[in-house]
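Below you will find the structure I want to go over with you.
These numbers were taken from a predicted model, which means no experiment stands behind them. Atoms considered below: every heavy atom in the structure, side chains included; atoms not considered: hydrogens, waters and symmetry mates. Note that ligands are numbered from 1 as they come in the structure, with each ligand's atoms numbered from 1 the same way.
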Amino acid sequence: MVNKRVQNIEISGIRKFFNKVSDYPDAISLTLGQPDFPVPISIKSAMIRAIENNKTEYTANAGIYELRKEISNYLYRSFDIHYSPDEICITTGGSEGLFSVFNALINEGDEVLIPNPAYPAYESILKIMGAKISYYDMNDDFSINVLRLKDVLASNDNIKAIILSYPSNPTGAILSNENKKELYEILKAKNILIITDEIYSSLCYEEYNSISQFQDLKDRVVLISGFSKMFSMTGLRIGYVCSNVTLMKEILKIHQYNVSCATSISQWGVLEGLKSALSDVDMMKENFVKRRDYVYSRLIALGLEVVIPKGAFYIFPSIKKINRNSEEFCLELLHKNRVACVPGSAFGSKGEGFMRISYSYSIENLEAGLNRIENFLNNKI
Ligand code: PMP
């Protein structure tokens, strides 16, 4: 009765763990990637105006032209990334962007390289497509292991595409300038598709680097991004995909048959946000840096091995010295001390031995959660 490939995937380990928290009403959840700031007021007002002015009809499949133009300007001004409005499609969050891109470009049996650990959607969507999945590894500091990647690409001519994901969920790693140049040299020489998920680009705490900054790779780079995190509007569901028009023509077919267009009201909200809410984004980013520093210093004080994140709002401490696998560890932590973090294994085999803490929560919540983690560890180590 059921599609076998769908039967063979599971709902994301992040959601699974989040759902478990409801069994513990007194638990503190540090599980979700969802900023706790309200949507910037100018975005809310623009959405209310859009409703009052009856802007509730279908938009163009690719999204409102003015918004695509504003995204084009924003990418150019902020990141030196060049896409014209015709090379941009507004999607129902980054999630639909990923789904439409993979559907449009990946055939059954195509081999795709994904990071390990990584955001779980890549693997699950590729499994639905019937793709063959291979993994590339990170160094101990979660930066990309360029030399190993070079070997993998040199020894395998079947690879159709590589997924890049910076700033990273779950590790908080970003792409350094040096790694960007090395990656460019490797990928210039290898004619494969490059799909780059940059949904956390507005939350990068150091210089921003992206493979999509190289114009001469443009015929095979696809950029996926969105506003869920940037404008703290996860429920309003606006993302976008950028690619050259040849690839975009195919991506748009899937997007059209799947959703027709992204929600009109939210598109008008984001358009106003790009014009007048970038200072709100700066304010949120400053707060995330404070939260990151706080959580990092607490984890160090607890004696855990941890790499300081340089982007997004996740931190990925090692729990290897505690004699449990990551799922057992997180279950026990939730059960005994009532704090929920996501087991590293939810992000792939190389996530085993780690847990993901989201610091998108208030300092008060983070402090209370870390106090509980401290109590838990004091009884363990
Ligand atoms: N990519 C990554 C790396 C993410 O972490 C997320 C959301 N957690 C998405 C894509 C999807 O974002 P959206 O909520 O806009 O669908």
Looking only at protein heavy atoms, what sits closest to atom 15 (O) of ligand 1 is S228 OG, 2.6 Å
- Message: Using a strict threshold of under 4.0 Å (side-chain N to carboxylate O), is an ion pair present between K150 and E185?
- Response: no
Assess K310 against F142: is NZ or CZ under 6.0 Å from the centre of the six-membered ring, and within 45 degrees of the ring's axis?
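No, a cation-pi geometry is absent between K310 and F142.
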Next on the checklist: Counting non-hydrogen protein atoms only, what is the nearest one to atom 11 (C) of ligand 1? Give residue, atom name and distance.
Outcome noted: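 The closest one turns out to be S95 OG, 3.4 Å.
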Atoms of ligand 1 under 4.0 Å from any heavy atom of R237, numbered from 1 in the order shown, are 13 (P), 14 (O), 15 (O), 16 (O)
The answer for which part of Y200 has a heavy atom under 4.0 Å from ligand 1 is side chain
Using every non-hydrogen atom in the two residues, find where K188 and R220 come nearest and quote the distance to one decimal.
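So the minimum-distance heavy-atom pair works out to O-NH2, 3.4 Å.
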Under 4.0 Å from one or more heavy atoms of G93, ligand 1 contributes atoms 15 (O), 16 (O)
min-distance protein heavy atom vs atom 1 (N) of ligand 1 -> D197 OD2, 2.6 Å
When only distance counts, is N169 in polar contact with ligand 1, meaning an N/O pair under 3.5 Å?
->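 Right, the criterion is met.
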the protein heavy atom lying closest to atom 12 (O) of ligand 1 turns out to be I199 CD1, 3.4 Å
Taking the basic N atoms (NZ, or NE/NH1/NH2) and the acidic carboxylate oxygens, is any pair closer than 4.0 Å for K275 and E272?
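Looking at E272 together with K275, the answer is no, because their closest N to O distance does not fall below 4.0 Å.
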Original post:
For ligand 1, is there an atom lying under 4.0 Å from some heavy atom of K229?
Top reply: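 The answer is yes: ligand 1 sits under 4.0 Å from a heavy atom of K229.
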Numbered in order shown, the ligand 1 atoms found under 4.0 Å of a heavy atom of Y122 are 3 (C)
task = Using a strict cut-off of 4.0 Å, indicate which atoms of ligand 1 neighbour a heavy atom of G94.
result =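 Going through ligand 1 atom by atom, the ones under 4.0 Å from G94 are 12 (O), 13 (P), 15 (O), 16 (O).
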- Query: Going by atom types only, do S84 and D86 share a side-chain donor-acceptor pair under 3.5 Å?
  - Reply: no
From the list K127, K160, K132, R5, salt bridge (charged side-chain N to carboxylate O under 4.0 Å, His left out) partner of E108 resolves to R5
Point to revise | F99 near ligand 1 by a heavy-atom separation under 4.0 Å | key: no
Validation row: L113, I192 side chains within 4.5 angstrom (heavy atoms):
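The answer is no; the side chains never approach within 4.5 Å.
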If we set the cut-off at 4.0 Å for heavy atoms, which region of Y240 has an atom near ligand 1: side chain, backbone, both, or neither?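 Answer for Y240: neither.
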- Task: May I ask you to decide if the ring planes of F354 and F316 are parallel, tilted or perpendicular, using 30° and 60° as cut-offs?
- Result: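 Ring orientation of F354 relative to F316: parallel.
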| field | Test applied, side-chain contact (heavy atoms from CB on, under 4.5 Å); reference residue, I81; option that passes from S72, S210, S225 | value |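 By the side-chain contact (heavy atoms from CB on, under 4.5 Å) criterion, I81 pairs with just one of S72, S210, S225: S210.
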